[in-house]
Visitor: 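There's a structure below that I have some questions on.
Because only heavy atoms are used, hydrogens play no part in the values below, and waters and symmetry mates are left out as well, while side chains stay in. Fair warning: this is a prediction, and the values are worked out from it, not measured in the lab.
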Amino acid sequence: MSVVQNQRRPAVSYRRRVVAGGAGAALVLSGLVTLAAPASADENWLTVDENGFATFSIPVSEVESMLDRDVSQIVAEGNFGPSANWAEFGLTIRGDTATGVLGPLDPGHYYYQVTADDHFPVKDPTNSTQVTSEPEWSTFLVEGEGAELLTDVHAQQRGQVQEFSYRSSLAHEERSALAWTPPGYDRDRRERYPVLYLQHGGGQSFRDWVEVGRAAQIFDNLYERGAIEPMVVIMANGNVSSFRDELFRHITHQAERRFNVSRDPAQRALAGLSMGGGQTFDVLVSDPDKFSHIGTFGAGRFGDLDDLPVEDINAGTDLLRLYVGNPTDVAYNDVYHAMEQLDEAGVDYQFDGANPDAGHNWDAWQENLADFAQRLFQDGPFDGMSPGHEAIDAPFETPPSGTTPTPWVSEDGFVTFETTAEFADAEHVTVWANWGASHLWTRVELTRAGDRWRGTVGPLEPGWYHYRLIVDMEAQKDTGNPTSVTSEPTWSQFFVPGASAHLVTPVPEGEGGQIQEMTYDSTVADETRTALVWTPPGYDAERAEPYPVFFLQHGGGQNYTDWTEMGQARNILDNHFLDDNLEPMVVVMGNGNVGDFTAELLENIVPAAESTFHVSGDPEDRALAGLSMGGFQTLRLLASEPGEFAYIGAFSAGYSGGDLDVGAINDGTALLRLYNGNITDFTYNSVVSTMTEFDRLGIEYEFDGWFEGPHGWDTWQHALADFAPRLFDEDSNE
């Protein structure tokens, strides 16, 4: 057996992926996540393996009991979408269990809830993690490269998180706050500790930085590395009409009374996310001499910038640093416009750059905190923007509502969807597309915009995407998109251009091969049928040597149109040919929906191709491959008719059909190559069993390795792109 290993674990830097979650209730052992749960691990609603694949197995009857209602749809939703934004992962209900495998997830901390029928969330009762401000949320940690700052340090090296209470005269209630003190904190130390006041966002609580933001672990790890100064961090309740008054009357007063922290502005810092970032900036403007270090994380509210106390801000502030996510961050344009005004006013500030990989979410804010903390009361680790972050040269603008091409794709891969007005009365609209981990389908919610629904997703990697709308749990075609898929009437497609999508990019008009229909009589199906045939550029029906021929089959529930409409076969073949990577050949995409495919192929499709096109009848000049059902058909034909096709490819398919003539297969086959996705591809185990049996029997084959994709078109496009250049060229198979 020859193996080319394509299974990969992404090398993710901290800058790319630091994900959100709860306050340490998940136990992580060498990358394997074990959630604190019932006695039997089999009862967990969620398990995560050592490679980051999350398996949901949710008892429907239990969800129905918790909701006291019947349900027809269950999703797991959390920070699973592009840019770590909120997305739904649809689960398949079989009997009493809703199941699905999502992954591999990048290392990091995740938060999720289980939702039935769009509107009814429930807490995973088998996961003991809690998020006070979001009672239905649970969290889990996937350990690995990029998530080092989110892991628990050894108990002896940890700081302490303490809760303290105080009376708020503004809120007219008893309130609480959290304080992180560093390892070795000395209440009686002569030199008071510098202090960071760290604020949450709107709709959140003072606990969120610990329960979701993983702040204690971030500070612990930074302190253990010697990357931050010993300091005390106060996380208080900012849900009040006047945050400035609450801060100075109660929060700072209580912190200074209960902890050994400095009152010196040079030793005080203030930062916050979203709403808390806006509150932070307001305090900077109203009291520019009270905090020497100011940080705003995804703040979309900067107040009136026309009359700033610029001299006082610059004199009293050692550091004013602004942070924001990519264009999916609702604060993106606000930060851009604020920086324009700050520049014009002459305010001294730093910009960390827009985080290209996160939106308005905890992934961005955790990274902001780690960067900001290392700059407090000492020189920062580097000047300027964080590595990989980007300047904002212009606001992110989409076409006005009602004029948006469906979808509209920006130059940097952000995709804006807008429905027609036909769903004006809908209650819940999502776009379900192959943009999740491993190209799995996840759903991103759209927001009502007048009588339409609208939303932006991204950045997406270059390539083709297929999607459908889910409107109040019903699949709908995006009627504003003219693309269509014959076998999937509700699907639409769009293309994100880029160098990495070269092979699936349409070639200039007139430079590629030709696609034409071939009709033939099927004696097996007892009907006239159609196939699509690709002929290479310069195809010559009169040339002396007939062309080799490649028969390419679709999968179950599909038809002969799918390889061109979904598989991008034409683009792949055209680009390989123009790149001089493909032997001139004819490719026949026939209809495999028939009981006896072997008879259909040998008695009907092959003879029709040989009579219609100038192709060879020599088995050495014939190839056969198929995906899923077509792959199983291919392997069955190999078993029953070894030597009829010298080149055999099985895409997401295994063999289980009886005895094999090993000698005839090895002697008659120049190339037998297997392809499959990762464990989210349901044929994974079948292909493992097939390779085990082939090895036992001594059948000569190649395995491409586990492609990081599901049982879907991203996997099969890759397989075709790899397989086609290997055909009819002995050198390519060495």
Side-chain angles (χ1 to χ4, degrees), residues 5-22 24 26-35 46-55 78-85 101-112 139-154 157-158 212-228 325-326 352-353 355-359 361-371 373-374 381-382 385-390 436-440 459 461 500 678-680 705-709:
Q5 182 65 10
N6 284 338
Q7 176 79 22
R8 57 175 174 80
R9 295 297 300 136
V12 183
S13 71
Y14 176 77
R15 295 282 166 210
R16 175 166 176 76
R17 186 69 162 175
V18 180
V19 197
L27 174 64
V28 184
L29 300 173
S30 301
L32 176 64
V33 176
T34 304
L35 299 175
L46 170 65
T47 57
V48 186
D49 73 11
E50 60 187 1
N51 293 313
F53 288 94
T55 299
N79 57 329
F80 305 138
S83 296
N85 287 320
V101 180
L102 178 65
L105 299 174
D106 289 337
H109 212 215
Y110 292 81
Y111 43 97
Y112 70 97
T139 66
F140 64 94
L141 178 68
V142 178
E143 193 178 55
E145 183 180 358
E148 293 88 350
L149 293 184
L150 303 180
T151 60
D152 290 321
V153 303
H154 191 276
Q157 276 74 52
R158 294 177 194 168
V212 191
R214 207 80 173 158
Q217 284 80 3
I218 292 173
F219 288 122
D220 287 346
N221 279 286
L222 290 174
Y223 186 83
E224 185 179 49
R225 299 178 184 188
I228 60 174
N326 62 32
D352 187 56
N355 183 336
D357 301 310
N361 53 46
W362 283 103
D363 290 56
W365 304 328
Q366 288 171 325
E367 183 177 313
N368 300 161
L369 177 61
D371 177 88
Q374 295 178 75
F382 53 85
M385 298 186 296
S386 289
H389 286 203
E390 301 168 350
S438 294
H439 309 283
L440 286 162
E461 295 179 357
S500 61
N678 56 31
I679 64 171
T680 66
W706 305 110
F707 178 72
E708 206 78 289

Visitor: Please report the closest heavy-atom contact between P387 and F382, naming both atoms and the distance.
Guide: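 Shortest heavy-atom separation between P387 and F382 comes out as CD-CZ, 3.9 Å.
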
Visitor: Checking side-chain contact (heavy atoms from CB on, under 4.5 Å) for the pair N678/F53: CA distance, chi angles, key distance, verdict?
Guide: CA-CA 10 Å; N678 56 31; F53 288 94; 3.8 Å; yes

Visitor: Locate the shortest heavy-atom distance separating S386 from D371; write the atom from each residue and the value.
Guide: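 That closest heavy-atom pairing would be OG-OD1, 3.4 Å.
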
Visitor: Does H389 reach the main-chain N or O of D352 with its side chain, forming a donor-acceptor pair under 3.5 Å?
Guide: yes

Visitor: With a 4.5 Å limit on heavy-atom distance, are the side chains of P82 and P459 in contact?
Guide: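 The answer is no; the side chains never approach within 4.5 Å.
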
Visitor: Rounded to the nearest 0.5 Å, how far apart are OG1 of T47 and CZ of F140?
Guide: 10.0 Å

Visitor: If I compare all heavy atoms of P356 with all of E390, which pair ends up nearest, and what's the gap?
Guide: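 That closest heavy-atom pairing would be CB-OE2, 3.9 Å.
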
Visitor: Would you give the length of the straight line joining atom CD of Q366 to atom CG of L150, rounded to the nearest 0.5 angstrom?
Guide: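 Going from CD on Q366 over to CG on L150, the span is 5.0 Å.
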
Visitor: At their closest point, which heavy atom of G52 faces which heavy atom of V142, and how far apart are they?
Guide: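 Looking at all heavy atoms of both residues, the closest pair is CA-CG1, 4.1 Å.
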
Visitor: To the nearest 0.5 Å, what is the distance between CG (D363) and OH (Y110)?
Guide: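 Result: 7.5 Å between the selected atoms.
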
Visitor: Just how far is it from atom CD of E367 to atom CG of D357, taken to the nearest 0.5 Å?
Guide: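 Interatomic distance, E367 CD to D357 CG, rounded to 0.5 Å: 8.0 Å.
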
Visitor: At what distance, to the nearest 0.5 angstrom, does CG of L369 lie from CZ of R214?
Guide: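 Result: 13.5 Å between the selected atoms.
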
Visitor: Could I get the full list of side chain to side chain donor-acceptor pair (under 3.5 Å) partners for N361, not counting sequence neighbours?
Guide: N85

Visitor: Could you tabulate the donor-acceptor pairs under 3.5 Å formed by side-chain atoms of residues 218-228, not counting sequence neighbours?
Guide:
from	atom 1	to	atom 2	distance (Å)
D220	OD1	G159	N	2.9
D220	OD1	W180	NE1	3.0
N221	ND2	L149	O	3.1
N221	ND2	T151	O	2.8
N221	ND2	Q217	O	2.8

Visitor: Give a yes or no on whether the backbone of V101 and the side-chain of T55 come within a donor-acceptor separation of less than 3.5 Å.
Guide: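 Checking the backbone N and O of V101 against the side chain of T55, no donor-acceptor pair under 3.5 Å is found.
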
Visitor: If you look at every heavy atom in S438 and T680, which pair is closest and at what distance?
Guide: CB-OG1, 4.5 Å

Visitor: Considering non-hydrogen atoms only, spot the tightest contact between A84 and N79 and give its length.
Guide: O-CB, 3.3 Å

Visitor: If we only count heavy atoms from C-beta on, is the I679 to D49 side-chain gap below 4.5 Å?
Guide: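 Contact flag for I679/D49 side chains = yes.
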
